[in-house]
Amino acid sequence: MNYAIRRRMWSAALIVAFFLGWEVLCLALNVSDLVVPRPSQVMATLVARFPVLWPHIIQTLWTTMIGFGLGVAVGVVIGALIGTSRVAYDTAYPLLIGFSSIPKVAVVPIFVLWFGAGPVPAVLTALAMCFFPIVVNIATGLATTEPEMEDVLKSLGAGKMDLLLNVGLPRTMPFFFASLKIAATYAFVGTVLAETVASNKGIGNVMMSASSNFDVPLVFAGLFILAFLGVALYVLFSVIEGRVVGWANRRTDLSPS
Amino acid sequence: MNYAIRRRMWSAALIVAFFLGWEVLCLALNVSDLVVPRPSQVMATLVARFPVLWPHIIQTLWTTMIGFGLGVAVGVVIGALIGTSRVAYDTAYPLLIGFSSIPKVAVVPIFVLWFGAGPVPAVLTALAMCFFPIVVNIATGLATTEPEMEDVLKSLGAGKMDLLLNVGLPRTMPFFFASLKIAATYAFVGTVLAETVASNKGIGNVMMSASSNFDVPLVFAGLFILAFLGVALYVLFSVIEGRVVGWANRRTDLSPS
Amino acid sequence: MNPDLAQIAPERKRPAVQLSRASVAFGQGAERVQALQPTDLHLDEGEFLALVGPSGCGKSTILKLVGGLTRPSGGEIIVGGREVAARALRVGMAFQNPTLLPWLTIEQNVMLPLKIVRPFRQDYARKKRGEYRDRVHALLADVGLEKFAGHYPWQLSGGMLQRANLCRALIHEPSLLLLDEPFGALDQFTREELWGTMQDLWIKRRPTVILVTHDLKEAGFLGTRICVMSARPGRIIDDSPVTFPRPRTVEMTFQPDFVALNQRLRERIIDARGESARKVAS
Amino acid sequence: MNPDLAQIAPERKRPAVQLSRASVAFGQGAERVQALQPTDLHLDEGEFLALVGPSGCGKSTILKLVGGLTRPSGGEIIVGGREVAARALRVGMAFQNPTLLPWLTIEQNVMLPLKIVRPFRQDYARKKRGEYRDRVHALLADVGLEKFAGHYPWQLSGGMLQRANLCRALIHEPSLLLLDEPFGALDQFTREELWGTMQDLWIKRRPTVILVTHDLKEAGFLGTRICVMSARPGRIIDDSPVTFPRPRTVEMTFQPDFVALNQRLRERIIDARGESARKVAS
Amino acid sequence: QTDIRFTLGWKTQGSDAPILLAQQKGYFEEEGLNVTIDQGEGSAATVTRIMSGTYDAGFGDINAIIQNAAERPDQTPVMVYQLWNDPPFTVVTRKESGITTPADLAGKTLGGAPGTPTTKLLPVFARMNDVDLDSITIESLAPNLTEPMLIRGDIDGAMVFNITAWFNLINNRQDPAADFNWLNFGDHGLDLYANGVMVSQAMIADNPEAVTGLVRAINRAAVEIAQDHEAGVDAVLAFDNLANRDLEMARMMFSYENLIASDEVTRIGLGDLDDDRLSRAIDIVAEGYQLQTTPEAGQVFDRSFLPPLDDRQLVLAD
Ligand SMILES: Nc1ncnc2c1ncn2[C@@H]1O[C@H](COP(=O)(O)OP(=O)(O)OP(=O)(O)O)[C@@H](O)[C@H]1O
Ligand SMILES: Nc1ncnc2c1ncn2[C@@H]1O[C@H](COP(=O)(O)OP(=O)(O)OP(=O)(O)O)[C@@H](O)[C@H]1O
Ligand SMILES: Cc1ncc(C[n+]2csc(CCO)c2C)c(N)n1
Ligand SMILES: [Mg+2]
Ligand SMILES: [Mg+2]
């Protein structure tokens, strides 16, 4: 217990140190706030403009959550398909890899052309950005499942679906959560990207307006908000993960009391 | 053997079907080539313009390879650190998650202002885009390594480094390769992003000027090139992966001859 | 031998397991390892076959063949009239190294067959907290693990894992039991107690059983029949019925009849090890 | 008893392993499981301790304590003058379930200690294809696995894995050997051969050994001393020297002296199982 | 009520005030129009957005219409209200680089956003002024990098809209008047028109009254803002509360003083244009881009939706 608290303190201290270092470096090297503002400036802007920013935050958060939710669903389904069927793997993987190598900024205009500006392209971009890491980790987890574990169920006459639900997916959980953490951050990136291209609302739009007016502290305030939202989502998943896949991380709790 | 060939054929057929479907859909729905050109148009543009595109392809490929190489190095080191030290995990993870939630487009201008337009910001952006999935998968792989396997080495008096090299990393290899596949595609996205923001060469630059000239087929030709490069890199890694982590995918070879 | 044991020994003669020149080889070309030579084996319903033989001779391979987990390279396997055992019969299998799923507690691991196997699965959602749970706990208590139902596999000792593994093979009252050294990591006394448990179960429900073991006493105590395999690539080189009356007791294992059987099997195994034995001798 | 065996039995009296009221408990609060009660154990250099006791009593836990893999909840463990065994002595450990690394071939798995342990590791890069390889192959041949050096663990049978596991514990000629049921999954004959191999090795190099086993014959054949543990939470309840002359033979195990020792230990274990036994009886 | 999807030429700027005021004051509604306004990606992108059918109308560049009309005559939008009478297309340079005439650009490095009409028109500009285009190095830069790169000297000149760059330089703590030279395309042979309100051909065909209403509402607002500047800026802030009031006020005034107000406008009124000048502009663009066909003026501009001249008189108050 005591150890856990000390650990937290340490890491909190290091994170604070990071921002202090940034502040000091900016002051020491006399970096213009038009290039990189100091964290204190960013925070000041953030506080001062918060009431104005609030609806944009809500907008981005909602859009991201919907896109992310859909992305997870799509990712799990495709990942399960690819991880269990060889033909699906050989077909879908190259297509997905190809799609993933494409900058999503190039795709947003197409979404806009189809669905108009607004939240729909943002949701779709968030989805497009975030489902791929989930696919890859689910597929890899399934493909590397120890055959011995599957044999346990096969000997009971289990079908493919039973195997997937009772062995494949649980075993893959740690890597599913790892990919969720990646995916959640990418979902934010996707939303913001789409908002940058086509929307009148959302953090992306704020950042775009701010940057076209060279209000760099406001741009960074947007970045801070995004970072914060990303971390918040990460913490949420970590808590869920702790409950669901505690079995995989037993090391820390293993040493006798 | 025969089965493997049939499988390949199937998946090749399905991939061809995908592009055929695209072509037919565009014709049937009479989609303007300003929105989505037909694959045949894209290919025609690609062939016709290939000599002009070639130096840009080389530029983007090189930049990406360097950025990707650095990204892998950075990713493995940070991942190993985070996966083995609790304090490093608690400190670096939130910072990395925060950084990852930021659209890299917002960071590129900073790189450009520091290093000038050209390949350096592109390399850095590729690095910034691609190291995170590697970090996450390495860290997760290490954190979920079965303690029993580590005990084998610990009983021999192995140090942390021995454990990492002989148990942690090998066991993590399947997920490292999975993340490489994600990372390689993101490295391309990063390079192209940076080329879009500031450059006079590279696929990103081509796509940008093509889109400003309403030459959508050329934009798509750029996308096709990126997709192709991404798939090529993926195939490369798959071959290496097959050699290195065959042990983890033994399922397919297991059934008796 | 006691004449009245005939009425206890299996009478029904429906074939439960039928291997016809079944063979297994792994790998290709130079890498090829012949794990099992073409083997014939016929098991009637309700038989209790004890399978003994040197390490690496293919005992586990036979179990996996019968269980439908390995396809034969040649020959044919028919179980309960079908090619895949689990489709035809209710099969219970205890693997040689207890592969309990690490994300499930012991209770959940043991309950797994009830979640998968018909007809139990239909009622699983409804009964898993009631009837099925009680059933699992009762079985765990039989093997001395009642206190560990809520523990995870990594919290158990080797022998405890093996006992949990055995429970998982028995929980759904299978009509075909495939047991791969289920008592290997246990001390003699626990082992003898579980022999008793096993025998009671067999007398009561008469499943068809294949038991792989290295302990001839165990083979004689439990089996209706003992098969001896030769060294790798394996082949069945001896097939003897065991006709001691049931229920058998540990004391019986010291009787001259029993000791003589053991002695005979011992010699067969010494033959069986043949060439490989000469190599192992350092 | 043969009087001249005293000169073979260990004479040097430097303490190799010393447990002082070492205890182990896992978990917190209501979840707390006492795995080992405060235990004293003193092992001289060159002793061969056989540890027997019921399943789950803490035998593996003691090995892990001595090997430095588990920290004690109370008390102290000193091995070769230091707290962590592997830092003080060259330790070889064979785990209860053979945990071979799945990405290495059998040869590479067995060679692992040479890659890690000083002074072998210095020359590893140079010798791994020459001297070290030969050494590994020789040892594998001793246990009958010479043909499987290039195979991966999943291509081996249970008993073969266990033999590879044993090789890995021996390859670097450790001065402290911790063996957790290393012969469990083997047939009687292979087992007896490996007893001989083990004994030869011990006579030649005189490592300090702790051997966990369920086989009293094995304990008597190999040990210089046998400790009996009580049921969980474990405690050492009997500690007897074994003074039969070396080299011992399998025939010796049928002699009255040997049988009497076995008989006495049997009774101690029956006591030892105490409460738990009553529960297990179905 | 007719639904109209309208795209601006860029992020909210003071120069969009006429459209935003018409929206805020309900002038669109009075015309029976339900207008949704979205921010844009550039004046040229307005043309593509309308061509693809995503938007019905927008604020964008007439030269982009000309360029597209040559290749896709059935799809290009039509300018119905020519708001910016003078072109904002400018190459801005630092005073110390000594660039004062187009000829000085030879051998220099210019940067600009590739989609910006200025960048797209540079070849035309070079051709008209006999500058060797191949000797000029062109860097593609994101919009938010052009001015910083210029200030830092990474590029010698930036291809911009004066209305944008002027205020961007102020935002970058520069003095745009004192320290920079402004080479306006309009002063060097490119007497082009620029931004205005354009609508899709489909809208003209299906619902000409809506077009008339749209133009009338925007014109009404444009005329009104010339008198009541505060109302214009209020509308901008009502649309985008992140905008900086003083800055957008200044920008709005800049657009009126430098881009909208001209002798020609005094003569023919807001929204209209001179057909000869347009024809010349079309020729310049067509030659500059080496277009296969030269579009007709009637394909590009349609004055039939303009309100009477009396309603289009610009009287700019101080
Ligand atoms: N997946 C596999 N790939 C290649 N060879 C295999 C595989 N599984 C088993 N073998 C080989 O088949 C032979 C028989 O193995 P099996 O597991 O049936 O032996 P066993 O009789 O159960 O031995 P033990 O008593 O040691 O468990 C062994 O020689 C082994 O090396
Ligand atoms: N990581 C752990 N967490 C919680 N409890 C544990 C853990 N490891 C062991 N135990 C408990 O400690 C006790 C002793 O375990 P140990 O493995 O030492 O038994 P053992 O004597 O080796 O038994 P066996 O002969 O069955 O292998 C057991 O009751 C077990 O449940
Ligand atoms: C109506 C309108 N259309 C396009 C632009 C885009 N633009 C013109 S110049 C430039 C570079 C910065 O000076 C940018 C981004 C704008 N600002 N206003
Ligand atoms: Mg076996
Ligand atoms: Mg144990």
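First the proteins, then the strands, lettered A, B, ... as listed; each starts at 1. These numbers were taken from a predicted model, which means no experiment stands behind them.
Atom NZ of A:Lys181 has more than 12 neighbouring heavy atoms from other residues, nucleotides or ligands inside a 6.0 Å radius. Heavy atoms of other residues, nucleotides or ligands lying less than 6.0 angstrom from CH2 of A:Trp10 number 12 at most. Counted within 6.0 Å of CZ on A:Phe228, heavy atoms from surrounding residues, nucleotides or ligands total 12 or fewer; the atom is thus considered open.
Top candidate by heavy-atom pairs under 4.5 Å with chain A, chosen from C:Pro153, C:Pro113, C:Pro174, C:Gly92, is C:Pro113.
Looking at heavy atoms from C-beta onward, C:Val91 lies out of side-chain contact with A:Leu156 at the 4.5 angstrom threshold. In this structure, the side chains of C:Met93 and A:Asp151 stay at 4.5 Å or more apart for every pair of heavy atoms. Contact of the C:Leu101 side chain with the A:Pro170 side chain is not registered, since no non-hydrogen atoms from C-beta on lie closer than 4.5 Å. Within the 4.5 Å cutoff, the side chain of C:Trp103 has heavy atoms near those of the A:Val167 side chain. Proximity of A:Met149 to C:Pro102: side-chain heavy atoms (C-beta onward) are separated by under 4.5 Å at one or more points.
Distance check, rounded to the nearest 0.5 Å: NZ of A:Lys154 to NZ of C:Lys64 gives 11.0 Å. Distance CG/A:Asn166 to CD1/C:Ile116: 4.0 Å, rounded to 0.5 Å.
If you measure heavy-atom distances from C:Arg168 to chain A, the contacts under 4.5 Å come from the side chain alone.
For A:Phe111, there are no ring pair (Phe, Tyr, Trp, His ring centres under 6.0 Å) partners at least two apart in sequence or on another chain.
Contact detail for A:Ser155 and C:Leu69: the closest heavy-atom pair is N-CD2, 3.7 Å.
Checked for salt-bridge contact, C:Arg121 and A:Asp162 meet the test: a charged N lies under 4.0 Å from a carboxylate O.
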